[in-house]
Amino acid sequence: MQAKKATLVFIVLFFIVHVFSFAQDSFYVKWNPSVQKISDNTYELYLKASVANNWYVYAKSNEIEDINGIQIHFTDSLAVQKQGEIQLNGTIKSINDKVFNKSATVLTNDFEIVQKLKTNSTIAALKLVLSYNVSNTAAVNPEDYKFTPEEQKLSVALQEGTTVSSGNRILIPSIDINKPVSNCGGTETSSNNLWQIFFWGILGGLVSLLTPCVFPMIPLTVSFFTKKSGNKSKGIFNGALYGFFIFLIYVLLSVPFYFIEKNNPEILNNISTNAWLNVFFFLVFVFFAISFFGYYEITLPDKVTNSAGSKAGIGNIIGIFFMALTLAIVSFSCTGPLLGTLVVSSLNQHGGAFQLTAAMAGFGIAFGLPFALFAMFPNLLDKLPKSGGWLNSFKVILGFLELAFAFKFLSNADLVEHWGILKREIFIGIWIIIGICLTLYLLGKIKFPHDSPIKKLTKGRISLAGISGAFTVYLFLGLLKVLPLSLISGFLPPLHSTAYHDYEEGLKVAKAENKPILLDFTGYACVNCRRMEENVWSQSDVHALMQDRFVVISLFVDDKKPLPSDQQFTYKSVGGTEKEIVTYGDKWATFETENFKQNSQPLYAIISNDEKLLTNPVGYTPDVNEYKHWLECGLKATGK
């Protein structure tokens, strides 16, 4: 439900953005900004205005109550200081305003604003927001009079012929993605990612079947179809249709993300790495974990459940669809956390709607298939274990796992915002505490509200306690740096890296050392990036190649740290769209999409120090030999 709510929010935002974009084309005042340097760090800003026919701009504030004149606000107010009041040049007159029926000083036709200002030496361009109010005088009838506020964002370079500082290059013309020097490599591994996330979706669906919200529903639902259908063949058909509709419902949850991604290829990655959204998911997963422990029950509003349930008897096929929808709704308290995990994990790791569909398809197949199979072979129902206290124990175990996973979301937020509150050692320590508690629970030393009395520990509980305890010891040895914790690589905060994190800085070093560049497009919240670093980059052969033969530049596309003010600018893409480059993540995500036509991470590219593409870029490549061969191919392409 939370995932659906988040989707709805972003669809609304998508609509608002388009409405706002349309509104920008309907401004009644068009502005042409320019700037003239007077002395060191002192400038005069000129804003030439062209006002639509029969419209005027209010020139002074408070002549009419709550109506302001022309206001200039600079984005970087610390780096830009206004010197004196604005100067208005043009047709200025006093009129009897028909909208408010009061006298007002207004500007009409073409006019100019002059503002003197001082800046610090690091500013390369002025970014400002211009706000003002306009009214019309053409209307004959008073009911047709119009008044509207307008606000426009403008940008102007401080030095003629430049729009951004030299370090802010985005598109590198010499990088031709279609013509690498060598044809080895390629990003085919993305198809493997689809199968990987599909598998995790299946696993999530299977786990959901064993929860108290779902497991008891299997024999009840199958019995309903086999008895009500009248004959075996019809019962099989209805059961299979029921399973298909379950699959379809979960796949449909991914459809809105295609519309979001179409508008902006980077938006899904931005959503999944948004710090406050990750904090929100952390809180939600903690909330779900406590629910799994049995302290309260999470259900959707009765109105939603009753609405779907009331339609379950309409017709045959339609009724079966609403039965499937009712199951999805009533089982939400158990499936919600698992679905949320799939949604955010698929976007974090791969950043695409296709990956999300693969995850939902896997979940839907695993969740719906048993209903179809048991309808076809109802005798198999006798082999199912009976419902009992083990279901609640399984739910509590899931609660511990949800609690552990919740801290991954908090870690994502901590990393992208550079808070430094959840370092690697603290993260491992929290997981150790959770592991100890889970082990004690399985041994019967910790009780929760709905647990059945444990008269004797079963072999299953003892085995699970052994696994949990062993994993906790494994974490402890990893904390002491005795073991590398490769089993959970990707989930932990990253280890220290010696790579460069700025393209221009790394390029200078590559030129000085006469080495090719290994570009690493990565992310703080990227699980597969950490797996590559800890399982592939750490291998001696690969590590030696990277350290001795390349200059490695790691560019974090989800870094929310603001760029210095002189490096913030508006970039116009090859496709003609404009994007505000405000954070390091904005810059490197745009750098990736403009030069390599990709927006997923990890992405690795090898370029020469004269900025030519040497090989086809590759994505997630867990095979050490394959990645090593790709690096060697890039070196051969240099001719050395």
Side-chain angles (χ1 to χ4, degrees), residues 16 19-39 41-119 123 125-158 160 570 578 580:
I16 291 173
V19 171
F20 181 75
S21 300
F22 175 78
Q24 285 185 313
D25 295 332
S26 61
F27 286 134
Y28 293 107
V29 184
K30 306 298 181 185
W31 297 92
N32 181 25
S34 61
V35 68
Q36 181 178 338
K37 188 172 184 178
I38 299 174
S39 61
N41 300 331
T42 303
Y43 299 85
E44 280 190 343
L45 172 66
Y46 298 91
L47 300 171
K48 294 182 179 180
S50 179
V51 186
N53 290 335
N54 302 315
W55 285 79
Y56 54 79
V57 179
Y58 293 89
K60 296 182 179 181
S61 298
N62 298 322
E63 282 189 327
I64 300 174
E65 187 177 359
D66 297 328
I67 300 299
N68 293 323
I70 301 171
Q71 306 286 323
I72 302 175
H73 303 281
F74 292 98
T75 302
D76 194 340
S77 58
L78 297 177
V80 182
Q81 294 85 39
K82 299 177 186 176
Q83 303 294 301
E85 300 296 325
I86 63 173
Q87 176 184 337
L88 301 175
N89 301 324
T91 305
I92 305 175
K93 60 183 180 180
S94 180
I95 66 167
N96 181 25
D97 183 82
K98 296 179 180 179
V99 176
F100 296 97
N101 197 26
K102 290 185 178 181
S103 177
T105 303
V106 297
L107 295 152
T108 60
N109 303 322
D110 295 341
F111 65 90
E112 182 181 64
I113 298 173
V114 182
Q115 173 68 67
K116 190 175 180 180
L117 51 90
K118 276 192 173 183
T119 71
I123 293 293
L126 294 174
K127 290 185 175 184
L128 58 104
V129 177
L130 195 60
S131 57
Y132 51 90
N133 299 284
V134 296
S135 290
N136 71 331
T137 59
V140 176
N141 300 315
E143 58 267 22
D144 295 327
Y145 296 158
K146 295 180 180 178
F147 166 85
T148 182
E150 291 191 349
E151 184 176 277
Q152 297 195 44
K153 293 182 178 180
L154 303 175
S155 179
V156 57
L158 289 181
E160 186 178 355
T570 301
E578 291 188 349
E580 293 293 324

> At their closest point, which heavy atom of G69 faces which heavy atom of S61, and how far apart are they?
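Smallest interatomic distance, heavy atoms only, reads N-OG, 2.8 Å.
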> Could you tell me whether E580 and K127 have a side-chain N and a carboxylate O separated by less than 4.0 Å?
yes
> Is the ring pair F111/W31 parallel, tilted or perpendicular, if the boundaries are 30 and 60 degrees?
perpendicular
> If only atom types and distance count, is the side chain of Q115 paired as donor or acceptor with the main-chain N or O of G84 below 3.5 Å?
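Indeed, once roles are kept as given, a pair shorter than 3.5 Å links the two residues.
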> So, taking the atom named CG in L88 and the one named NZ in K60, what distance separates them when rounded to the nearest 0.5 Å?
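Those atoms lie 9.5 Å apart.
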> Show the numbers, then the answer: is there a side-chain contact (heavy atoms from CB on, under 4.5 Å) between E150 and V29?
CA-CA 8 Å; E150 291 191 349; V29 184; 4.0 Å; yes
> Are there over 12 heavy-atom neighbours, none belonging to K82, within less than 6.0 Å of that residue's NZ?
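Correct, the count exceeds 12.
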> Name the one of I92, V106, I70 that satisfies side-chain contact (heavy atoms from CB on, under 4.5 Å) with V57?
I70
> With the side chain counted from C-beta on, respond yes when Y58 and F147 share a heavy-atom pair under 4.5 Å apart, and no when they do not.
yes
> If you take all heavy atoms of K93 and T108, which pair is closest and at what distance?
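Smallest interatomic distance, heavy atoms only, reads CE-CG2, 4.0 Å.
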> To the nearest 0.5 Å, what is the distance between NZ on K116 and NZ on K118?
8.0 Å
> Given side-chain contact (heavy atoms from CB on, under 4.5 Å), test L126 with V156 step by step and report yes or no.
CA-CA 5 Å; L126 294 174; V156 57; 3.9 Å; yes
> Would you check if the side chain of Q152 reaches a backbone N or O of F27 as a donor-acceptor pair within less than 3.5 Å?
no
> Could you walk me through whether V114 and N89 pass the side-chain contact (heavy atoms from CB on, under 4.5 Å) check?
CA-CA 8 Å; V114 182; N89 301 324; 3.7 Å; yes
> Can you tell me how far apart CH2 (W55) and OG1 (T148) are? Round to the nearest 0.5 Å.
7.0 Å
> side-chain contact (heavy atoms from CB on, under 4.5 Å) between N109 and V51: does it pass, once the steps are laid out?
CA-CA 5 Å; N109 303 322; V51 186; 5.9 Å; no
> Once you round to the nearest 0.5 Å, how far does OG of S131 lie from CD of Q71?
5.5 Å
> Which value, rounded to the nearest 0.5 Å, describes the distance between L154 atom CG and N32 atom CG?
9.5 Å
> Which atoms form the tightest heavy-atom contact between P33 and S155, and what is the distance?
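Result for this residue pair: CG-O, 4.1 Å.
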> Are L128 and L45 close enough that some pair of their side-chain heavy atoms sits under 4.5 Å apart?
yes
> Roughly how far, to the nearest 0.5 Å, is CD of E151 from CG of N133?
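These two atoms lie 11.0 Å from each other.
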